[in-house]
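The basis for the numbers below is simple: all heavy atoms, side chains too, and nothing from hydrogens, waters or symmetry mates. First the proteins, then the strands, lettered A, B, ... as listed; each starts at 1.
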Number of protein chains: 2
Amino acid sequence: MRHVVDEQQPLSEAVFLILTSLAERPNHGYALIKDIEELSGGRVRLSTGTLFGALRRMLEAEWIERYEAEDTSRDKQTYRINPAGRERLIGDLNRMRALTRSAASRLKMGGR
Amino acid sequence: MRHVVDEQQPLSEAVFLILTSLAERPNHGYALIKDIEELSGGRVRLSTGTLFGALRRMLEAEWIERYEAEDTSRDKQTYRINPAGRERLIGDLNRMRALTRSAASRLKMGGR
DNA sequence: AACGACATGTCGCATGCCGACATATCATCA
DNA sequence: TGATGATATGTCGGCATGCGACATGTCGTT
């Protein structure tokens, strides 16, 4: 009996950050760019090409969903993470932890 | 005065693992595939297309160098990491640690 | 009215991964 | 001896993705 988290090809940084941002609260596209910039300490500023391409693929993969926000004052497309997306994020988080652990060990860095 | 570790676009998993493997000891291509498979707990088996493409780019970027191994019994191309490669690996290690920290925090997972 | 921030989207180029293929050597064993 | 499989290095083409540039429009402020 296999668990759902099988596909263990790495998430791109863009997808990882989008899922991380949505893990806290649903949001719309443009706001994600700013949240991710803050989240990454100013290091990552997603271009709209990256963002909307990634959102489309994540909708297709059913890791996120559109949902109706109360605030319809503008034409905002609001996205929400779903359980599959959350599992995928956790899976990739663990993948990265394993990677950093083995690299730190080989570099004799400590902080394992 | 700028430090060398500027380029902070993420390393691909393949490149990260190759640098990690070479951080412990110099090695040749085919042996890297097996070392990385072990290193990653069997999760990652690099194809030769990925490996040799990545090695070529890493040589161009001067993160690794060819060097003469004592064992010349076969035509093995032995590669060694250099200080720039090591810095790049450490930089990406820190990038991933920051990423996992913020994601864990937003997922309310602990283990930060 | 003009400007900048907000907001969503498309297009095309460049890059990188990876399976498939090509080639050759070396050890083992029937 | 000849076949097989592991070792070893490499190329090629297709596919997915990131991202800068462009397009379009709204909203708030001056």
To the nearest 0.5 angstrom, please state how far the [atom1] atom of [X] sits from the [atom2] atom of [Y].
X	Y	atom1	atom2	answer
I18(A)	S12(A)	CD1	OG	7.0 Å
L19(A)	E24(A)	CG	CD	14.0 Å
T20(A)	L39(A)	OG1	CG	6.0 Å

Just N and O in the side chain of [X]: are any of them under 4.0 Å from OP1 or OP2 of [N]?
X	N	result
S47(A)	dC19(D)	no
S12(A)	dG18(D)	yes
K34(B)	dA6(D)	no

| query | If Ile, Leu, Val, Met, Phe, Trp and Tyr residues are connected whenever their side-chain heavy atoms lie under 4.5 Å apart, and connections chain through other members, are Y30(B) and L51(B) in the same group? | reply | no
Side chain of [X] - closest among [options]:
X	options	result
H28(B)	dT9(D), dG9(C), dA7(C)	dT9(D)
R57(A)	dG16(C), dG18(D), dA6(D)	dG18(D)
Y30(A)	dC6(C), dT11(D), dT7(D)	dC6(C)
T50(A)	dA8(D), dA7(C), dG18(D)	dG18(D)

| query | Are any of the side-chain nitrogens in R106(A) or D35(B) under 4.0 Å away from the carboxylate oxygens of its partner? | reply | yes
| With a non-hydrogen cut-off below 4.0 angstrom, is F16(B) in contact with a base, only sugar-phosphate, or nothing? |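 Nothing, no nucleic acid heavy atom in range.
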| With a 4.0 Å cut-off on heavy atoms, is G29(A) in touch with a base, just the backbone sugar-phosphate, or nothing at all? |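 Sugar-phosphate, no base atom in range.
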Between [N] ([atom2]) and [X] ([atom1]): distance, integer Å:
X	N	atom1	atom2	answer
L51(A)	dA7(C)	CG	P	12 Å
R45(B)	dC17(C)	CZ	P	17 Å
R43(A)	dG18(D)	CZ	C1'	14 Å

| Contact check, side chains of R95(A) and E13(B), non-hydrogen atoms, under 4.5 Å | yes
| message | For the helix from dA1(C)-dT30(D) to dA30(C)-dT1(D), what angle separates the axis at the start from the axis at the finish, each from five pairs, in steps of 10°? | response |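 About 0°, once rounded to a multiple of 10°.
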| Between the side chains of S105(A) and S102(A), does any donor sit under 3.5 Å from an acceptor? |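 Their side chains do not contain a donor-acceptor pair, so the 3.5 Å distance test is not met.
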